[in-house]
Amino acid sequence: MSQATIESILHEKRLFHPSEDFSNRAHIKNLDEYRQLYDRAKTDPEGFWEELAETELHWFKKWERVLDWQPPFAQWFAGGKINISYNCLDRHLNGDRKDKPALIWEGEPGDSRIFTYAELHREVCQMANAIKELGVKKGDRVGIYMPMIPSAAIAMLACARIGAPHTVVFGGFSAEALKDRLEDAEAKLVITADGGWRKDAIVPLKDQVDKALEAGAPGVENVLVVKRTQQEISMQPGRDHWWHDLQTRVSADCPAEEMDSEDMLFILYTSGTTGKPKGVVHTTGGYNLYTHVTSKWIFDLRDDDVYWCTADVGWITGHSYIVYGPLSNGATTLMYEGAPRASNPGCLWDVVQKYGVTIFYTAPTAIRALMKLGEQHPDARDLSSLRLLGTVGEPINPEAWMWYHRVIGGGKCPIVDTWWQTETGGVMITPLPGATPTKPGSCTLPFPGIVADVVDAEGEPVTDESGGYLVVRQPWPGMMRTVYGDPDRFRRTYWEYLRPQDGNPIYFAGDGARKDEEGYFWVMGRVDDVINVAGHRLGTMEVESALVSHPAVAEAAVVGCPHEVKGEEIVAFVTLKEDLDASEELENELKQHVVNEIGALARPKEIRFTEELPKTRSGKIMRRLLRSLASGEEISGDTSTLQDRGVLEKLRGG
Ligand code: WT7
């Protein structure tokens, strides 16, 4: 979003209020209620979370301590015994929810399935027993590499049920990226499918698993394969097992393991500022509580809602707000395998109409793509069931916000713009839809219990609207606990980046933001070397290491360049090894190399060959200059630290 747009919205001070009807029926009905909750949580965070843990979740045994805070390491409800799969399933089986749809699934080719809570519970128990039969024990890690089919959620819940931490790897990652993650997590089992449907084509997931296991991840002993796309795949005897074979043999009785609140629930890899993705660790009780309460208040979940989050289960949004948060609340959650495509640009609206979706949660990049496809698609469907809309993943430009509000929400649905991260486990800054007046482009106010602020490099609050670093001052139950196998990296990256005068560590999210005079937060985007391509988070270093691993490349620098729909796209500056000449073939080969190393999501849009990269005298690549060059802007700001000004001229000349 440009400075000018923010300015105009700030000046306009245009507020969108929820309707009286919406507010009256909402869990949190007005700003006073929000403020009371916020103040209570700020003055007595432990009392606030303890009360919610007691009233909202089932515990086998009560905790000994609400919070043990040894900065930056937190333990929430330690000593408490809990199982998130139990909270998502078993506890809903006693009353009316037993036969309520828990999971509605629509496949891309138009097949569909609905699981009641009782049915989902049964399937999860069966898969849990199958996993046990394959030698997985409490504490063992399981890789999940799945399309958007019910078995993905079932696999996660099955792992949680027996206390085996899962690591879901997004199906768009390459075999190489999968191998790296399986190795880092030391996974024993991989759960996958023959393939998945993506834009009318088959994504051959099992083939990728085969390649990954050929290349490494020797710890993987078994592969459990779900049949989805039916094409011929190779099955290695002894290692690979069809789920439908095992399912007929295993019992459907599998009591949930009593886990300690601080036992690891999952690892999810996310990109950072180095070449190696971080294994973000989340634990059980605090994560369960945080995703439960945020789902309930932010999506205002009621028993008659049909809630749909369009994320993939391979990302944190899928974990927290397709699977764990909604199911813990006993809601009906919808999962869709497809995406808008040439053969059906209006498919999302078909799904809304078919199931009477009431809450719809998606990403700004998707909204911008839908805007481009045109209003005729939503206009041709009945979207009147919708009552609440949400966005996540990147700042939303006011134009897209207004379109979403008018065309999809019919002007009547509140929009919750939710700011959060893989690391935070759940939403941190957000409107509460019945309470918070919204401003297009602002994620508004912190969730109760979240002490967020905008600070300068010394950790001092920025009091005017000039902007600074977005930080959180207090621990919260959903926070990541560590980087898997590298606690030091956790400390350095998030808790020591800023060193405030008072010595109290603060969590730095990697984003820049500003606060307006009403305390509303406006997130400006990443201030580190992380880019956001169509809602996918990528480290520039990660793409650079992929490029440099090609034998022709001497050096590479990658930057994000603004894109109308994707938010950002990748432009790579590449220096070739001596004697090698740039060519279109080589450009294509390098792009494909990145796809092989990371996945199609990281394919550079453009590669610019250059004899040299602009560097400071200390040898640091000046990305700021490359960013300006890539987006065709004038080079502004200081270039005096540049080692060789001639480089700029050469780069400009192309
Ligand atoms: C980064 C986290 C959290 C699930 C999706 C992405 C950006 C996220 C917003 C928002 C502005 C946002 C931030 C953040 N981001 N939501 N509502 N407004 N920016 O998870 O891959 O961990 O990425 O996404 O830059 O740091 P992620």
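Note that the numbering runs from 1 along the sequence shown for the chain.
Side-chain contact, Thr362 with Thr310: a donor N or O sits under 3.5 Å from an acceptor N or O. For the residue pair Asp511 / Trp419, a side-chain donor-acceptor distance below 3.5 Å is found, with atom types taken as modelled. With no hydrogens or angles considered, a side-chain donor-acceptor pair links Asn288 and Ser328 at under 3.5 Å. Under 3.5 Å, the side chains of Arg489 and Thr482 contain no donor-acceptor pair of N or O atoms.
With values rounded to the nearest 0.5 angstrom, Glu465 atom CD is found 5.5 Å from Arg514 atom CZ. Within the model, atoms CD1 of Ile84 and CG of Leu289 stand 10.0 Å from one another, a figure rounded to the nearest 0.5 Å. Rounded to the nearest 0.5 angstrom, Leu334 CG and Asp305 CG are separated by 12.5 Å. Taking OG1 of Thr424 as the start and CE of Met480 as the end, the distance is 10.5 Å to the nearest 0.5 Å. Note: Thr270 OG1 to Gln421 CD = 8.5 Å, rounded to the nearest 0.5 Å. Atom CD of Gln501 sits about 6.5 Å away from atom CD of Glu458, to the nearest 0.5 Å.
The backbone N or O of Gly539 sits less than 3.5 Å from a side-chain atom of Glu542, completing a donor-acceptor pair. The backbone N or O of Gly426 sits nowhere less than 3.5 Å from a side-chain atom of Ser320 that would complete a donor-acceptor pair. Under the 3.5 Å distance criterion, the side-chain polar atoms of Glu33 are matched with a main-chain donor or acceptor of Lys29.
Between Asp90 and Arg161 there is a salt bridge, since at least one side-chain N of the basic residue sits less than 4.0 Å from a carboxylate O of the acidic one. Between Asp453 and Lys515, at least one side-chain N (NZ, or NE/NH1/NH2) sits under 4.0 Å from a carboxylate O, which counts as a salt bridge. A salt bridge links Glu51 to Arg40: one of the charged nitrogens lies within less than 4.0 Å of a carboxylate oxygen. Between Glu46 and Arg65, none of the side-chain N atoms (NZ, or NE/NH1/NH2) sits under 4.0 Å from a carboxylate O, so this pair counts as no salt bridge. Between Asp184 and Lys276 there is a salt bridge, since at least one side-chain N of the basic residue sits less than 4.0 Å from a carboxylate O of the acidic one. The pair Glu544-Arg623 meets the salt-bridge criterion, with a side-chain N (NZ, NE, NH1 or NH2) lying under 4.0 Å from an Asp/Glu carboxylate O. The existence of a salt bridge linking Lys62 and Glu54 is confirmed by a sub-4.0 Å separation between a basic side-chain nitrogen and an acidic carboxylate oxygen. Under a 4.0 Å N-O distance rule, the pair Arg97/Asp303 qualifies as a salt bridge.
With ring centers used as reference points, Trp420 lies 6.0 Å or more from Tyr290. Not less than 6.0 angstrom separates the ring centroid of Trp308 from the ring centroid of Tyr321. Checked against a 6.0 Å centroid threshold, the rings of Phe77 and Trp49 do not count as neighbours. When ring centroids are compared, Phe170 and His536 come within the 6.0 Å threshold. Ring centers of Tyr269 and Tyr484: at least 6.0 Å apart, outside the cut-off. Taking the six-membered ring for Trp, Phe266 and Tyr287 have ring centres closer than 6.0 Å. Aromatic rings of Tyr307 and Phe360 (six-membered ring for Trp) have centroids beyond the 6.0 Å cut-off, not under it. Centroid-to-centroid, the aromatic rings of Trp69 and Trp495 come within less than 6.0 Å. Ring centroid separation for the pair His58 and His92 does not come in under the 6.0 Å cut-off.
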Carefully, step by step, assess Ile267 and Arg141 under the rule side chain to side chain contact (heavy atoms under 4.5 Å, CB included). CA-CA 9 Å; Ile267 307 170; Arg141 272 81 55 215; 4.0 Å; yes
Start with the C-alpha distance between His292 and Asn329, add both sets of side-chain angles, then the distance that settles side chain to side chain donor-acceptor pair (under 3.5 Å), and finish with yes or no. CA-CA 6 Å; His292 178 99; Asn329 279 280; 3.3 Å; yes
Leu93 and His121: CA distance, side-chain angles, deciding distance, side chain to side chain contact (heavy atoms under 4.5 Å, CB included) verdict: CA-CA 9 Å; Leu93 299 182; His121 173 260; 3.5 Å; yes
Decide side chain to side chain contact (heavy atoms under 4.5 Å, CB included) for Arg91 and Leu57; before the verdict, give the C-alpha distance in whole Å, the side-chain angles of both, and the deciding distance to 0.1 Å. CA-CA 9 Å; Arg91 66 167 168 156; Leu57 299 182; 3.8 Å; yes
Is there a side chain to side chain contact (heavy atoms under 4.5 Å, CB included) between Met479 and Glu423 once you walk through the steps? CA-CA 6 Å; Met479 66 192 271; Glu423 294 87 338; over 6 Å; no
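Contact detail for Thr438 and Ile415: the closest heavy-atom pair is CG2-O, 3.5 Å. Of all non-hydrogen atoms in Thr365 and Gly535, the two that sit nearest each other are CG2-N, 3.8 Å. A pairwise comparison of heavy atoms in Val168 and Val313 identifies CG1-O, 3.7 Å as the closest pair. When all heavy atoms are compared, the tightest approach of Arg181 to Pro277 is NH2-CG, 3.4 Å. In terms of heavy atoms, Asp140 sits closest to Gly135 at OD2-O, 3.8 Å. Here the shortest heavy-atom pairing between Pro395 and Gly525 reads CG-N, 4.2 Å.
Geometric assessment of Lys439 against the ring of Tyr520 yields a positive cation-pi assignment under the 6.0 Å and 45° thresholds. With Phe73 as the aromatic partner, Arg481 does not meet the cation-pi criteria of under 6.0 angstrom to the ring centre and within 45 degrees of the ring axis.
In the displayed structure, Lys620 atom NZ is contacted under 6.0 Å by at most 12 heavy atoms of other residues, nucleotides or ligands. Residue Lys42 places its NZ atom among 12 or fewer non-hydrogen atoms of other residues, nucleotides or ligands, all under 6.0 Å distant. The number of heavy-atom neighbours closer than 6.0 Å to CZ of Arg492, taken from other residues, nucleotides and ligands shown, is above 12.
Annotation: side chain of Ile531 is in contact with side chain of Glu568 (closest heavy-atom distance under 4.5 Å). Contact check for Ile82 versus Asn87: side-chain heavy atoms found under the 4.5 Å cut-off. In this structure, the side chains of Met264 and His282 stay at 4.5 Å or more apart for every pair of heavy atoms. Asp263 places none of its side-chain heavy atoms less than 4.5 Å from the side chain of Thr283.
Between Trp63 and Trp59, the angle of the ring planes goes over 60°, which puts this pair in the perpendicular group of the 30/60° scheme.
Exactly one residue among Leu389, Thr391, Thr317 makes a side chain to side chain contact (heavy atoms under 4.5 Å, CB included) with Tyr361. That residue is Thr317.
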